[in-house]
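What follows is a short report on a single structure.
All of these numbers come straight from a predicted model, not from anything done at the bench. Each ligand, and each atom within it, is numbered from 1 in the order the structure gives. Along the sequence shown, residues carry numbers from 1.
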Amino acid sequence: MHVETLGDGHPDYTIVACVHGDETCGWHAFNRLKASDVTLRAPVKFVLANERAFKLGYRFCDVDLNRVMPGDTESDKHEVRLAARLRRELEGTKVLDFHSTESTGCPYVIVTGEDDASRRLAQSTGLDRIVDMSHLGGGVTGPVTGVAVECGYYDEEGAASRAHRILLHFLAAEGLIDRPYARSTPEVYEVFDDAPGQGFTFVADNFREVAEGEVFAEKNGTARRADTDFYPVLMSTHGYDERIGFMARHVGRVEEDSPKC
Ligand SMILES: [Zn+2]
């Protein structure tokens, strides 16, 4: 794990990159910020979380870091030990955690708790969609006030430049840099189940409602039909080994300056 603070003093914010080692957009965003002439009004901490996996170009070495919080310093698994260290770095700070993905529909915010403070942070990203993954739990931002953002396809330039834009917007909206911003009033999609399956081709669109009975995936000429209405989120053909992605319901919009949705 690589930790670096820009500015002097104790930081109230932590920007996290590479919880998944092959999702490099947050690291590029940080380096672009560092190379620019932007002046920070307060110190900000940056964490390259899974440095070992990042250097190898892997998602993880032993287990998915995003699924093993709060970790254990005595574990024989790299990411379980790392989770314990990462948790200490994040404690007491507000967290923005950068990811990229196989699935379409980016960019959007992921929250893993109902807390209003995290929803307010989500508005500071300027993005229009929140996916609430509390159903799944376990993410690195779960125990803290924090959000994750999905910026685009893996290590493509598009994801990196989008991550850089989101980072600048977030820092401006949180009062850390001087720059125009517009806090968003995002639509909220709450995950209620996953769609298990191996080797399926995803044929619907993320964030477009699938009606009961509609085909949303296919495999060897066999259609997979929805048994209830839902919005696909993080669904893709190759993104996961054992699931197509997640099923969500649309639960409304976060109002500006109102933490409830
Ligand atoms: Zn990720």
May I ask you to decide if the ring planes of F207 and Y189 are parallel, tilted or perpendicular, using 30° and 60° as cut-offs?
-> perpendicular
Which atom of E23 approaches the Zn ion (ligand 1) most closely (N/O/S) | OE1
Worked check of side chain to side chain contact (heavy atoms under 4.5 Å, CB included) between T93 and Y13 | CA-CA 5 Å; T93 65; Y13 289 84; 5.8 Å; no
So the salt bridge (charged side-chain N to carboxylate O under 4.0 Å, His left out) pairs with at least one residue in residues 58-72 (sequence neighbours excluded) are E23-R59, R59-D64
How wide is the angle at the Zn ion (ligand 1) between ND1 in H20 and ND1 in H99, to the nearest 10°?
-> 100°
Check whether any side-chain heavy atom of T145 sits under 4.5 Å from a side-chain heavy atom of L121, and report yes or no.
-> yes
Within less than 2.8 Å of the Zn ion (ligand 1), any N, O or S from E150?
-> no
